[in-house]
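Below: the structure, in structure tokens.
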Amino acid sequence: MVIQTIATPAGWVAAAWSDRGLFALSWPQDDGQAAQAGLQEKLRRWGGGNGGFSLVAEGNGQPFAPVLEKALADYFRGEPVSFDIPVDLSWCTPFQKEILIAIRRIPYGEVRSYREVAAMAGHPRAARAAGTAAGANRTPVVIPCHRVIRKNGELGGFGGGLPLKKFLLALENGKSPR
DNA sequence: TACAGAGCAGTAT
DNA sequence: ATACTGCTCTGTA
């Protein structure tokens, strides 16, 4: 596992890479230390134990690290970005994997309801389960779980906090920064 | 409009 | 075994 810290227009983001791709991503923080510490805390919780990480400032050994870095910079500048990098979904259950993959197919700037996402994944009745699966997402933004909202137009929930969900949607609607 | 009840998959008690 | 989730649909009144 390799940890990378990235400066974006929205703050510092920490990324964890496994040999299968991007494993986890933190939310933007005020400083790189905080982002990294927060991500490691999560990794420890998920990994059960201390899991051996090697800290690396610039993701050496991970060919997609520079790609992620540029994509995040562009994204938080308000540009339409497709995160074309491998994501490690080996930690999730088959259902979660299906849901997260479906979410990944939602185009930039668009939204889908929890039910639509569930249907895309082949489980038309599992709207609620889709919600909990979305909440389990470890690579926010790259897997755009913020583009999933309620069918009645309400935002629904969000692991990173609803204000953040709102911000991301506004950003993708071009009503933000630039 | 309001409120049960059911189906759904995971996680936490 | 239960309870609670980032939900939504079908009654019932």
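Every value quoted in this text rests on a predicted model; they were computed, and no experiment measured them.
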Would you give a per-nucleotide map of nucleotides 8-13 of chain C, 5' to 3', where B means the base has a protein non-hydrogen atom under 4.0 Å away, S means only the sugar-phosphate does, and - means neither? SS----

How far, in whole Å, is C:dT5 from B:dG7 if one measures between their C1' atoms? 14 Å

Backbone of A:Ile143 reached by a side-chain donor or acceptor of A:Asn137 within 3.5 Å: yes

With sequence neighbours excluded, residues passing side chain to side chain donor-acceptor pair (under 3.5 Å) with A:Thr132: none

Side-chain N or O of A:Thr93 less than 4.0 angstrom from OP1 or OP2 on B:dG10? yes

Measure the distance from [atom1] on [X] to [atom2] on [N] and round it to the nearest whole Å.
X	N	atom1	atom2	value
A:Leu89	B:dG10	CG	C1'	16 Å
A:Ile106	C:dG6	CD1	C1'	13 Å
A:Leu100	B:dA9	CG	P	15 Å
A:Ile103	B:dA9	CD1	P	15 Å

Can you list everything that forms a ring pair (Phe, Tyr, Trp, His ring centres under 6.0 Å) with A:Trp12? Sequence neighbours excluded, please. none

Residues forming a ring pair (Phe, Tyr, Trp, His ring centres under 6.0 Å) with A:Phe64, sequence neighbours excluded: none

Checking A:Lys42 now: which residues fulfil salt bridge (Lys or Arg N to Asp or Glu O under 4.0 Å) with it, not counting sequence neighbours? none

With the side chain of A:Gln96 defined as its heavy atoms from C-beta on, choose the nearest nucleotide among B:dT11, B:dC8, B:dA9. B:dT11

Where the side chain of A:Ala129 is defined as all heavy atoms beyond and including C-beta, which of B:dG10, B:dC8, C:dG6 is the nearest nucleotide? B:dC8

Where each pair must be Watson-Crick or G-U wobble with both distances under 3.5 Å, what dot-bracket representation of DNA chain B is obtained, with crossing pairs in [ ] and other-strand partners as |? |||||||.|||||

